[in-house]
J.: 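Here it is: the structure, laid out below.
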Amino acid sequence: MSNQIKYILKRVVISLITILVLVVVTFLLMQLLPGDPFISGKALPPAVEEAVKAKYGLDKSVPEQLIMYLTNFVQGDFGISIPDGRAVSDVIGEAFPVSFDLGIRALIFAFIMGILLGVVAAVKRGTAWDSTAMFFALIGVSVPSFIMGSILQYFLGLKLMQATGMQIFAIIGWNGLNSKILPAFALAFGSMATISRLMRTSMLDVLSQDYIKTAKSKGLNQREIVWRHSVKNAIMPVVTVMGPLVAAVLTGAFVVENIFSIPGMGKYFVQAIQTRNYTMIAGTTAFYGAFLIFANLVVDIIYGFIDPRIKLTGRRD
Amino acid sequence: MKSKKLLALIVSAVMVLSLAACGGDKGTEGEAAGTAYPGTADEDTYVVDFRAEPPELNSLLTSDVTSGDVLRMVISGLYRLDENDQPVPDLAEETTVSDDGCTYTMKLREDATWSNGEPVTAHDFVFAYQTICNPKTGSVYAYIVYDNLLHGNEVYEGKMDPSELGVKALDDYTLEVTFENPLPYAEHLLSFASYYPLNEKAYNEIGADVYGDEADKIVTNGAYTISEWVHEDHITLTANENFYDPDRCAIKNVKYLMLKDSNARLNAFQGGEVDVVNLTGDQMAQAEELGIHTESYVDNSVWYLQYNLQHKETGMDNVNIRKALMLAVDTKELCDNVLKDGSVPATGYVPTSINGGNGELYRDTAGDIIEPNVEEAKTLLEKGLEETGLTVEDLNKISLLTDDTDGARRTCQFLQEQWKANLGIEVTINQQPFKNRLDAMQTGNFDVVLAGWVPDYNDPMTYLDMFMTTNGNNYGKYSNEQYDSLLTQAMKESDFDERVSLLVQAEQLGIAEDVVVAPIYFQSTSYAVSDKVKNMTRTGFQEFDFTDIRE
C-alpha cells in the first residue's frame, strides 16, 4: 500500500510540472495569434492604446509578461479577464459548477445506459436486441450534439409544449429540473454511444473466454455469469476512456451550452481565443489540463479497485 | 418471432417520427394565421434577449453597445435620447450656450440621488470627466471625451493639470462644460455613457478595479436599478422607486437574457419564454409564416468595401477601377434577396438615420450620391485598365477579405458573382476570424475588405473623419488635401448650415469622386416582439430602451 501512495505522490508531482509546462507553452503560443485584445473595429489613438496596454501589463516584453504571469499563477492568481476586468478565477468559479452539474447528469446517464446497451447487445448477440442497441449507438456516434440538441429543443421543448399546453421541458435556461433534462440528454447521447460500443466489443471478448465456458458448463445461471464474472472484467476499457471523457464533459460543452443558453464554461474556451483574452485562454487551458490529469489519475486508482491484480507502482515489467 | 415484431415496431416508430419532423412546418403554418404571441407570463416583467453579456458597466471604461443598453436604463446623465434618438434634458434642467457655441452652462436638478443615498451634484460630472481623461484609468473610449473637451488632449498627455479640463462645477448644482470646438451634436454627446456622472465616494469605496463587475458593485441614479445579475445568463433591471420621474419606466422589471443560438431564440419566443428576440434575414420569412409580429430599424451601421490604395498590382490605386467595382454591384438585389433583414442599399456613406446638425437628417440634405450602373461600370473598368496598363487577369488576383461568419460569406459570394457577371473579374474570397481580419487591415495586408462602421455619435463627422490622412481608421491610406481641409473647416465651423454643406462636399469628394470606399448597405436590425410589450424604444443609438413613455 505504501508503494501505491508513493506512486500517487509521484504522479501528483509530475502532474504539477505538466501543468506548468502547459501554461508556458499556451502563453507563448497565444502570442502568435494575430491581433491583440484591444484591436477592434475602431482604431485606438496611439496614446490610448499605450495606456490600456500599460494597464494590463501588455506593454512589457513577452518574457517579462510570462515571468509575471507565472509568478502570479503559482500563487493562485490567474489574472484579470480582458477587457471586462473580472478575475479569471471568479469567472471559472461561477461557470464551472454549472458545467459540472450538467456534465455529471449526462455522465451518469451515459454510463448506465451505455453499459446496459453494451451488455444487452453482447449477450443477445445477433438478435434484434443487438441490432436495436447498436442502431442507437450508431445514431449517437454519428449525430453531433448540436443536431441532437436542436432536435430535442424543437420537438420536446417547443412542439410538445404547443401540443400539450404544458411546459414539460424548458426550451432555454438553467433553472428548475425541467430545464436540465434535455441538455443533459443531448450531451449524454454521444458518450453513451461510445461507451455501449466499447462495452459490447469488450463483453464479446470476455464471453468467449474459457472461464466463462467453464462457468456455463458447471451450470451457473446466466445472470450470475454476465453480471458477476463478465461485466467486471469487460468494464476495464470503458473505465480507461472515462478519464478523458469525464474531463471533456465536465469542463463545459460549448455546443450544448450554446443551444440551451446555459451559463457554463464551454463558451470561454472558444470566446477567449476569438477575443484574444490572453489571461482567460491561459486560465481555461490550465484548468482543463489540471482536470484531465486529475481524472486520469483517479481512473488509474479505480483500476486497482476493480482489478486487484493491477498494482500501481509505475514500474513496468 | 417476438424480436422481429419489436424491430418492426421500432422501425415504424422511427419512420413516424421522421415524417412528423418533415411535416412539422406545414402543420404550424396552418394554425399560424390566428396564432397570437401573448408573451411571457409575468405581467410586471418584459423578458428581452440581449444576445450577449454586457462586458463593462463602469461608464468610464465601457465602449460597447450592450453595456450601453444597461447603463442608459440605470444612469441619468445631463441629457438623454428620446424615442427618435433626439437629445432631451435629463439632469440638465436649464442650459445656456455661449455665443461661440463652445461653453454649456447647465443648471442641474436638485432632486436626483444615487442609490447609496448621496445627491447627484455637478462634482460627480467633474470627477467622471477628469478620471476618464487620466491615462491610468485605461479607458479605451477616453478619446470621445478628451478629443472634445477644452484642453482634453493636453490633460491626457499630462501637459496640463486635470483642473484645466473643460469641465467646472460652478456650485453644487451648476455645471460648466467647455468644448474645444462648437459641436452641433454636443447634447447628443452629453447623453452618451462616457459623459455620465460618477459618485466619487462609491467609486473609491467599491474600488476602480471591480466597479461595475457585479450588481452590488455599482451605484446608479437612473430610472431603473440592477436588481439581479447572473453572468452569461441574465440581468434584471427594476424600476427605481426613488427616481425623480418614476412615470418614465415602461414596466416594473426588464429581464435581459443572453441567448447565444439564433434557432434557440426563435424557439424560445414561440414557446413564450421571451418577449423580444432579434431575427436573422432567413428567420424573417419564417416568422412571417408563423404570424409573428416583426419590426426592423436602420441601426446606423454601414457596410462598405475598403480598398487598399497601396496595392497597385491589383489596380486599387486607380479611381476608375475602384468606381467600376462599386457601380457593378446591384445592392438592392443584395438587400432584398440575400440579406432579407430590412437592410437598405447604401446611397452614400452616411446612413439615412444620422442627423445633419442643421435640424434635418443628413441624407435629406446630401441626397443620394451612389447609384449602381453596370454600363458605366464597364466603361470605367476599360478606362481604368487602360490607365494602369493592367489586364482583367491582374484584377482576378484581387482577394476580398471578410469575416468568417455565414452572413459575410453570403454577401461576399454575391459580390463575387456580380463582378464576374458584370465585369468579368473573378476575385477570390478570403474569410478570416474577426481579429485576424482586423489585424490584416491594420497591417495593410489586403486588397479589398468588407468592413462595417458603427458611429460614435449622431453626426456625419464620425463617418467621414476616418478617411482623413492621419486617421487611424484610414486603412486604405487615402490622402487628399482637399478632403482633409473640408473636414478641418467643418470641425471649426459654428454655423451649422455651413458646416453640413462642408460635410456634403467632403462626402461627395471622398466617396462619389475618389471612391476611397464603396458603400454597400445600411444595416438593419430585425426583431420579433410579443403582444405584451409596449413603450419599447429600438433605434440606431438605443438598441433597447424602456424609459420613453409615449402619450
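Letters A, B, ... mirror the listed sequences (proteins, then strands); counts begin at 1.
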J.: Holding to side-chain hydrogen bond (donor to acceptor under 3.5 Å, both in side chains), I want the full list of residues that pass it with B/D213, two or more places apart in sequence or in another chain.
T.: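 Partners of B/D213 by the side-chain hydrogen bond (donor to acceptor under 3.5 Å, both in side chains) criterion come out as none, since no residue qualifies.
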J.: Any idea which of A/E257, A/K55, A/R86, A/K124 has the most non-hydrogen atom pairs under 4.5 angstrom with chain B?
T.: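 Of the candidates given, the most pairs with chain B belong to A/R86.
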J.: Taking heavy atoms only and a threshold strictly under 4.5 Å, list by residue number the residues of residues 91-101 of chain A that touch chain B; give 'none' if the list is empty.
T.: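 The residues closer than 4.5 Å to chain B, in numerical order, are A/E94.
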J.: Mind checking whether A/F185 and A/F189 have parallel, tilted or perpendicular rings, split at 30° and 60°?
T.: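 A/F185 and A/F189: tilted rings.
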J.: For B/D404 and B/Q431, which I'm curious about, is there any donor-acceptor pair between the side chains at under 3.5 Å?
T.: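 No pair is found: no donor N or O on one side chain lies under 3.5 Å from an acceptor on the other.
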J.: Relative to chain B, which segment of A/A54 carries a heavy atom at a distance below 4.5 Å: side chain, backbone, both, or neither?
T.: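 Neither; nothing under 4.5 Å.
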J.: Examine distances only and state if a side-chain atom of B/S194 and a backbone atom of B/I144 form a donor-acceptor pair shorter than 3.5 Å.
T.: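 Not at all, since once roles are kept as given, no pair shorter than 3.5 Å links the two residues.
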J.: Counting only non-hydrogen atoms closer than 4.5 Å, can you tell me which residues of residues 32-42 of chain A sit against chain B?
T.: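 Checking residues 32-42 of chain A against chain B gives A/P34, A/G35, A/D36, A/P37, A/F38, A/I39, A/S40, A/G41, A/K42.
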J.: What residues form a side-chain hydrogen bond (donor to acceptor under 3.5 Å, both in side chains) with A/Q274, not counting sequence neighbours?
T.: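 In terms of side-chain hydrogen bond (donor to acceptor under 3.5 Å, both in side chains), with neighbours along the sequence ignored, A/Q274 is linked to no residue.
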J.: Quick one: what part of A/I172 sits under 4.5 Å from any heavy atom of chain B, side chain, backbone, both or neither?
T.: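 Interface part for A/I172: both.
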J.: Quick one: of A/E50, A/E49, A/Q167, who has the most non-hydrogen atom pairs under 4.5 Å with chain B?
T.: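 Sorted descending by pairs with chain B, the first entry is A/Q167.
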J.: Select one option (side chain, backbone, both, neither) describing which atoms of A/A87 are under 4.5 Å from chain B's heavy atoms.
T.: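 Looking at A/A87, nothing touches chain B.
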